[in-house]
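Per chain, numbering begins at 1; letters A, B, ... match sequence-line order. These numbers come from the heavy atoms of this one structure, side chains and all, not from hydrogens, waters or symmetry mates.
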Protein chains: 2
Amino acid sequence: MAKKNGEKYQAIIDAAVKVIASYGYHNAQVSKIAREAGVADGTIYLYFENKDDVLISLFKEKMGAFIKATRACLDQQFHAEEKLRGLIHMHLRQSSQDRNLAIVTQIELRQSNPAVREGINKVLKEYLDVIDEVIILGKEQKIFRHDVEQRIARKMIFGTLDEAVTSWIMNDRKYDLVSLVDPIHDLFLNGLKSV
Amino acid sequence: MAKKNGEKYQAIIDAAVKVIASYGYHNAQVSKIAREAGVADGTIYLYFENKDDVLISLFKEKMGAFIKATRACLDQQFHAEEKLRGLIHMHLRQSSQDRNLAIVTQIELRQSNPAVREGINKVLKEYLDVIDEVIILGKEQKIFRHDVEQRIARKMIFGTLDEAVTSWIMNDRKYDLVSLVDPIHDLFLNGLKSV
DNA sequence: TGTTTTCGAGTGAATGCTCATTCACTATCG
DNA sequence: CGATAGTGAATGAGCATTCACTCGAAAACA
């Protein structure tokens, strides 16, 4: 197994993103990915254990970078309210900016087999931790209500953002995703009820 | 193609739910479903066009019944606030009560191929309509803020409930899902912010 | 009523296709 | 000249779908 940083390693991962985004998960054969990466089928097995490993690695690489960037952004803010806005903004902007990646992680990879999904979930947990930290801080700063349940607030934030991106992709990205940042932020903070 | 109501038709659908829930989507072969239903492999093709058709039909049947029940429940309430609670309650209770079905619709069928997913999405649209109606009514009754965006509120409600059920299943249903109804309702209505 | 014929639901072994993976071979580099 | 990286045709496993056949029951007949 070759090292995780050769240029071919990256080329294969990027090819996988491109092929899966273009053809869909179920039509992303190893040979197609290999051709796109400009290597032979067998070469993929020099860099990855098997096809699953390609997919898991791709998710780890890309999502890992995104989580890191999000953390960096949140560190710029002090107030939980602003951090929450930063989180929403990062999430939606990321998806807008790399359409292929968004398609792959939001839609296509979710059709994968249990082994891959488990790998994905492990990485996602980290992201949920970031959300948790914002909520906890908000309570400490007395900006968020003390009686909102941690777990539930997390599910709302993640669930809403996830659904927003998925349905934006499903609707062929007809509108500007980032324009949803403030309305979502407002809804999270103030809820549906009129005063 | 036999009629959509023979006892075998139902038996096959129920067998599919059971097999998929037990073995997972990727290990739910036609022959396993046939055995569970007590029919021969070929018999399935007398009642369904192909395997995809079994899965789509299963989703239509089950989800259709659920939507109908939800509508009936909401009709009992007058105020949008109570209807919203009814919606949340129905959603979580349904998932609690039929664990196999919840696993199949929430987790397993999402791994299916594009044809099946399209069928599923069509049915889901109907459910989104139910959500929309509640939001619109809430605005009319001046119970919900006038400036919340329809689309976004819908995504929040659906996204949160969906995530709640999925993560409950993923965590082996360790807690009582229905106990989340009121906290979620409260969060939707009042948001995170402290007064 | 008894006998023959037709019908079609039901069967399940055989087919054929699609890939992931392997591995004997080649090219290149130090 | 090893050693290493890369190649891509061949392999074989998995599985949806087919179709020639079975069999019981209803229809036709006498």
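- What separates CG of B:Asn50 from P of D:dT18 is a distance of 9 Å, to the nearest Å.
- Although no hydrogens or angles enter the test, the distance criterion places no donor-acceptor pair under 3.5 Å between the side chain of A:Glu61 and the main chain of A:Gln10.
- For the pair A:Arg151 and A:Asp132, the salt-bridge criterion is not met [side-chain N within less than 4.0 Å of a carboxylate O].
- The CG-P distance, from A:Asn113 to C:dA20, rounds to 11 Å in whole Å.
- If you take CG of A:Leu46 and P of C:dT21, they are 14 Å apart, rounded to a whole angstrom.
- Here B:Ile56 pairs with B:Lys60, B:Val116 under the side chain to side chain contact (heavy atoms under 4.5 Å, CB included) rule; sequence neighbours left out.
- Under the 30°/60° scheme for interplanar angles, the aromatic rings of A:Tyr127 and A:Phe158 are found to stand perpendicular.
- When the P atom of D:dA16 is taken as reference, atom CZ of B:Phe48 falls 15 Å away, rounded to whole Å.
- Salt bridge B:Lys62/B:Asp14: present, at least one basic N to carboxylate O contact under 4.0 Å.
- Of the residues near DNA chain C, B:Gly38 and A:Gly42, the one whose nearest nucleotide (by heavy atom distance) lies more toward the 5' end is B:Gly38.
- Contact annotation: B:Lys8 reaches the phosphate of C:dG10 (side-chain N/O to OP1 or OP2, under 4.0 Å).
- Residues from residues 23-31 of chain B lying near DNA chain D, meaning a heavy-atom separation below 4.0 Å, are B:His26, B:Gln29, B:Val30 in numerical order.
- Phosphate contact (OP1/OP2 of D:dG6, side-chain N/O of A:Tyr47, threshold under 4.0 Å): present.
- Rounded to an integer number of Å, the gap from A:Arg35 CZ to D:dG6 P is 19 Å.
- Of the possible donor and acceptor atoms, none in the side chain of A:Arg85 sits under 3.5 Å from a partner among the backbone N and O of A:Glu81.
- Rounded to an integer number of Å, the gap from A:Asp41 CG to D:dT7 P is 10 Å.
- Between B:Lys83 and B:Glu133 there is no salt bridge, since none of the side-chain N atoms of the basic residue sits less than 4.0 Å from a carboxylate O of the acidic one.
- One can place CD1 of B:Ile33 at 8 Å from P of D:dA16, the figure rounded to the nearest angstrom.
- In this structure, of D:dA5, D:dT17, C:dA20, it is C:dA20 that holds the atom nearest to the side chain of A:Lys51.
- One atom, CD1 of B:Ile44, and another, P of D:dC15, lie 15 Å apart when rounded to the nearest Å.
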